[in-house]
There are 2 protein chains.
Amino acid sequence: MSEKRKQIIEAATKSFSLFGYKATTMDQVAKMANVGKGTIYTFFKSKEELLEEIVSSMICEIKHEADVAIDQRLSFKENVQRALQRIFTFRKEHELTIKLLQEVRDIGTPAVRDVMKRLDREMIAYIRGKIEEAMTKGEIRSCDPELTAFLMFKMYIALNVDWGKEHEPLSQQKIAELFDLYLLKGLSR
Amino acid sequence: MSEKRKQIIEAATKSFSLFGYKATTMDQVAKMANVGKGTIYTFFKSKEELLEEIVSSMICEIKHEADVAIDQRLSFKENVQRALQRIFTFRKEHELTIKLLQEVRDIGTPAVRDVMKRLDREMIAYIRGKIEEAMTKGEIRSCDPELTAFLMFKMYIALNVDWGKEHEPLSQQKIAELFDLYLLKGLSR
DNA sequence: AAAATGACTAAATGAACAAATCGGTCAATA
DNA sequence: TATTGACCGATTTGTTCATTTAGTCATTTT
């Protein structure tokens, strides 16, 4: 990949993380990347596409981290938990996701809202894949994989994000226990 | 209770339902209630308190409807489902809740946001009560009642509201099945 | 010739100001 | 005593206009 392209992505990522999408100007990105503004438009057709590409590679990164956390020798239950934990740890610790989620909450920038929705959808699709695998292997009883993945994801948001808004946040240990107690018990054979 | 007070509450409820909280003026309420504006302030110290009182009685109404749906001869599982179903049917069908939830989404009026948060908290508290009852009776295994009620509520929102945003909405029948399969299995003895 | 650039444009944003509206009060009224 | 609506300060809304910004393209650099 072109060196300039890399510089642009790096600069934009830094600026989006620091100031958010709306507050980042293309002039700013050009200056940080040490390129002319026109150059950006030879690689990306708009500011929005620049964001989309950055989030796309972030999605790949998250999936990769989740994949690494999975150990084929462990059970489906163990692995789905490990994957979800990685996904949500990423969300909570990466500057870019933190800033973008904040921007959706506070300003509701449509481009950012859309891209974060896609992130959620892709995470659910990822989990669905793991569920389908486990179903094929007969590790779990038959179920609607999309619906199950959706519920797992929503439950993780509830435990990781929503609960903490009005109570003492839960430890990862506790979240794992609860997830197992409430959701996975229903799937076991 | 004073006749005028009733008229005011009735008028405000109608106007909030029709136009939302923000778009309702106190002059409007006074006119609809056939009272002078000053009269409103002999019963309610502010517009916000008027909303709060209306929502408070709505909360009572919802709890009552849920109570009516409960049948002591049935199991905890049956009853908690019936109660939750009533709570969410109310949310989906009552003009006032529809309008206020819409207003929070679209405008984010702080007073409305606060009052709807309280509604959620009170519904969770209600469910917690039922869980504590069932635990005392030994109908379900021991668990953190607040956390369990919170998860039940979040799961019902996920199934009733969130799923429908990107998929074909689920029937009440299907929701009941899923709730049983995923959440209640973990609580049974 | 191909790649890179930054001055340029049209559209969007927001600062600043005026006008209208609204929540809440209280002296007058019934 | 209970009720009222004219009134007030604060907030919101509408408007104008200068600035900023995303995106283009003629020119320059390599």
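Proteins get letters first, then strands, A, B, ... in listed order; numbering begins at 1 in each.
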- Using modelled atom types only, decide if a donor and an acceptor are shared between the side chain of Glu103(A) and the backbone of Tyr21(A) within a distance under 3.5 Å.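 Yes.
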- Item | Backbone N/O of Ile87(A) and side chain of Tyr156(A): donor-acceptor pair under 3.5 Å |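 Answer holds: no.
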- Task: Under 4.0 Å from any atom of DNA chain D, heavy atoms only: list the residues of residues 39-53 of chain B that qualify, in numerical order.
- Result: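 The answer is Thr39(B).
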- Any residue of residues 10-28 of chain B with a heavy atom less than 4.0 Å from an atom of DNA chain D: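 Lys22(B), in order of number.
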Roughly how far, to the nearest 0.5 Å, is [atom2] of [Y] from [atom1] of [X]?
{"X": "Leu84(A)", "Y": "Ile127(A)", "atom1": "CG", "atom2": "CD1", "answer": "4.0 Å"}
{"X": "Phe16(A)", "Y": "Ile54(A)", "atom1": "CZ", "atom2": "CD1", "answer": "5.0 Å"}
{"X": "Lys99(A)", "Y": "Ser15(A)", "atom1": "NZ", "atom2": "OG", "answer": "10.0 Å"}

- Query: dG6(C) P sits how many Å from Lys4(A) NZ, rounded?
  - Reply: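 These atoms are roughly 10 Å apart.
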- Task: Measure from NZ on Lys31(B) to P on dC22(C) and round the result to the nearest Å.
- Result: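 Value for this atom pair: 12 Å.
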Can you list everything that forms a side chain to side chain donor-acceptor pair (under 3.5 Å) with [X]? Sequence neighbours excluded, please.
{"X": "Lys37(B)", "result": "none"}
{"X": "Lys63(A)", "result": "Glu122(A)"}
{"X": "Arg91(A)", "result": "Asp120(A)"}

- Query: Of all nucleotides in DNA chain D with an atom under 4.0 Å from a non-hydrogen atom of chain B, which is the first and which the last going 5' to 3'?
  - Reply: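 Taking any atom under 4.0 Å from a heavy atom of chain B, the span is dT3(D) to dT13(D).
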- Got Ile157(A) and Asp162(A) here, is their nearest side-chain heavy-atom distance under 4.5 Å?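 Side chain of Ile157(A) against side chain of Asp162(A), heavy atoms only: contact under 4.5 Å found.
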- Give the minimum heavy-atom separation between Ala69(A) and Arg86(A), together with the two atoms involved.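 Closest approach of Ala69(A) to Arg86(A), heavy atoms only: CB-CG, 3.6 Å.
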